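Remember, it's a predicted structure, so these values are computed and weren't measured experimentally. Whatever order the structure lists ligands and atoms in, that order sets their numbers, starting from 1.
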Amino acid sequence: MNEDIEKVLIAEEVIERRLDVIAERIRSDFAKEDSLQVVGILKGALVFMADLLRRVPLRLEIECLNVASYHGGTESSGQVDFLDVKLPEVKGRSVLVLDDILDTGRTLAAVSEKLYEMGARKVKTCVLLTKDKERAAEGEADYSAFEIGDEFVVGYGLDYDGKYRNLPYVGVLKESVIG
Ligand code: XMP
């Protein structure tokens, strides 16, 4: 798997150190809340979510949402589909949404809007990566661990055609792999 990678963009130790900082911010910002509902966006947020939330010593409730926007390629399709039959109960609650990457911004905008529609009191967003580009949908993430250029990345939860999510770092694929 590592032989398919052109370059490592963010090494595992760098991610780990940065997660300590983001986790402490979240702990301190939500310390006074009675309860915090975390909603992770599958499948990209899986690895980030597991590593980040174990560093946050609050009584979190964790749910996942299954959302699709890429459909296999390296360009966002522009359409955000909710694949879940049942969405988490968020009425009157503070919700922290976790995703792997803020790209066009459509996913986080659509999920936040949906959660507000469902009666959430406050919705905050947190991503591992923010792509440095113009957004199609309004809004930046409230917490972002790293900013990267406008290039397609894999690893640490991010996939190409379903693969590479288990790489412990964020990297760029060789062109020969993308074809
Ligand atoms: P939007 O455009 O809605 O995108 O902000 C969010 C979702 O798109 C996927 N995405 C990527 N996946 N490498 C990936 O493997 C990338 O460089 C990339 N950029 C966007 C991702 O699923 C994210 O949740």
Has [X] got more than 12 heavy atoms of other residues, nucleotides or ligands less than 6.0 Å from its [atom1]?
{"X": "E147", "atom1": "CD", "result": "yes"}
{"X": "D34", "atom1": "CG", "result": "no"}
{"X": "E134", "atom1": "CD", "result": "no"}

Any atom of ligand 1 sitting under 4.0 Å from a heavy atom of [X]?
{"X": "D99", "value": "yes"}
{"X": "R135", "value": "no"}
{"X": "G105", "value": "yes"}
{"X": "D159", "value": "yes"}

Worksheet entry | ligand 1 N/O within reach of Y160 N/O, cut-off under 3.5 Å |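 No, there is no polar N/O contact under 3.5 Å.
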Worksheet item: So is V153 polar-close to ligand 1, meaning N/O to N/O under 3.5 Å?
Response: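 It does: an N or O of V153 is found under 3.5 Å from an N or O of ligand 1.
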Discussion item. Same cluster or not: L128 versus L65, using hydrophobic residues (I, L, V, M, F, W, Y) connected whenever any side-chain heavy atoms lie under 4.5 Å apart?
Written reply: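 No, no single cluster joins them.
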Worksheet item: Can you get from V90 to I41 by hopping between Ile, Leu, Val, Met, Phe, Trp and Tyr side chains that sit under 4.5 Å apart?
Response: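 Cluster IDs for V90 and I41 match.
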Item to complete: With heavy atoms only and a cut-off of under 4.0 Å, state how I41 meets ligand 1: side chain, backbone, both or neither.
Response: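 Looking at I41 and ligand 1, no heavy atom falls under 4.0 Å.
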Worksheet item: Any idea which part of E151 is under 4.0 Å from ligand 1, heavy-atom wise: side chain, backbone, both or neither?
Response: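 Under 4.0 Å from ligand 1, E151 contributes backbone atoms alone.
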Fill in: T107: numbered ligand 1 atoms lying under 4.0 Å from its heavy atoms
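Numbered from 1, ligand 1 contributes 1 (P), 3 (O), 4 (O), 6 (C), 7 (C).
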Discussion item. Within ligand 1, which atoms have a heavy atom of K131 less than 4.0 Å away?
Written reply: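 Here the atoms of ligand 1 in question are 16 (C), 17 (O), 18 (C), 19 (N).
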Practice prompt. Inspect the contact between D103 and K133 and indicate whether a charged nitrogen and a carboxylate oxygen are less than 4.0 angstrom apart.
Written response: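 Result for this pair is yes, salt bridge flagged.
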Item to complete: Could you check whether the rings of F30 and Y143 sit parallel, tilted or perpendicular, using 30° and 60° as the cut-offs?
Response: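 F30 and Y143: tilted rings.
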